[in-house]
Amino acid sequence: MTNISDLPISPQLLSILRCPLAVQSTEYGDDPGQLELVHNCWLVCADTNMKYPIRDGIPVMLIEEGEKWRDTAVADLPVPPPAA
């Protein structure tokens, strides 16, 4: 089990962050763009398949960044994410 102090971002921040692409659309329901923390260094949106790296504890929530990794399988995401 992961200790909260081992998480790269707080659970509170994770609960409010949303994929910036998904929130622009009405096709994903009432709460679009929820993110899941994977590999303890990526935020993945199931709605859009966008994947956002967390670098130095900072989620990089740019659409352009998420698009770079969109076609990469979750299992193939580099850990840690490469520098920009």
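Computed from a predicted structure; not experimentally measured.
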Could you pull out every donor-acceptor pair under 3.5 Å between side chains of residues 13-20 and any protein atom, sequence neighbours left out?
residue	atom	partner	partner atom	Å
S15	OG	Q12	O	2.7
R18	NE	D31	OD1	2.8
R18	NH1	S15	O	3.0
R18	NH2	S15	O	3.3
R18	NH2	D31	OD1	3.3
R18	NH2	D31	OD2	3.0

Task: Remaining members of the apolar cluster that contains V60, side-chain heavy atoms under 4.5 Å - done: L62

Open item on the list: Run the side-chain contact (heavy atoms from CB on, under 4.5 Å) test against E67 and tell me which residues pass, sequence neighbours left out.
Closed with: M50, I63

Task: Residue pairs involving residues 29-69 (criterion ring pair (Phe, Tyr, Trp, His ring centres under 6.0 Å); sequence neighbours excluded) - done: W42-W69

Task: Distance (rounded to the nearest 0.5 Å) between L43 CG and I54 CD1 - done: 4.0 Å

Open item on the list: Going by salt bridge (Lys or Arg N to Asp or Glu O under 4.0 Å), name the pairs with one or both residues in residues 74-84, residues two or more places apart or in two chains.
Closed with: none

Open item on the list: Taking V44's backbone N and O only, do any of them form a donor-acceptor pair with K51's side chain (distance below 3.5 Å, no angle check)?
Closed with: no

Open item on the list: Going by side-chain contact (heavy atoms from CB on, under 4.5 Å), name the residues that satisfy it together with P80, two or more places apart in sequence or in a different chain.
Closed with: none

Open item on the list: Checking one residue: I58. Which other hydrophobic residues are in its cluster under the side-chain 4.5 Å linking rule?
Closed with: none

- [ ] With sequence neighbours left out, write down each residue that passes side-chain contact (heavy atoms from CB on, under 4.5 Å) with D47, or none if nothing qualifies.
- [x] A22, Y28, P32, C45

Open item on the list: Going by the rule salt bridge (Lys or Arg N to Asp or Glu O under 4.0 Å), which residues pair with R55 if we only count those two or more places apart in sequence or in a different chain?
Closed with: E65

TODO: Kindly write out the residues that satisfy side-chain contact (heavy atoms from CB on, under 4.5 Å) with D71, not counting sequence neighbours, or none if the list is empty.
DONE: none

Task: Evaluation steps, side chain to side chain contact (heavy atoms under 4.5 Å, CB included), between L21 and M61 - done: CA-CA 10 Å; L21 182 64; M61 300 298 298; over 6 Å; no

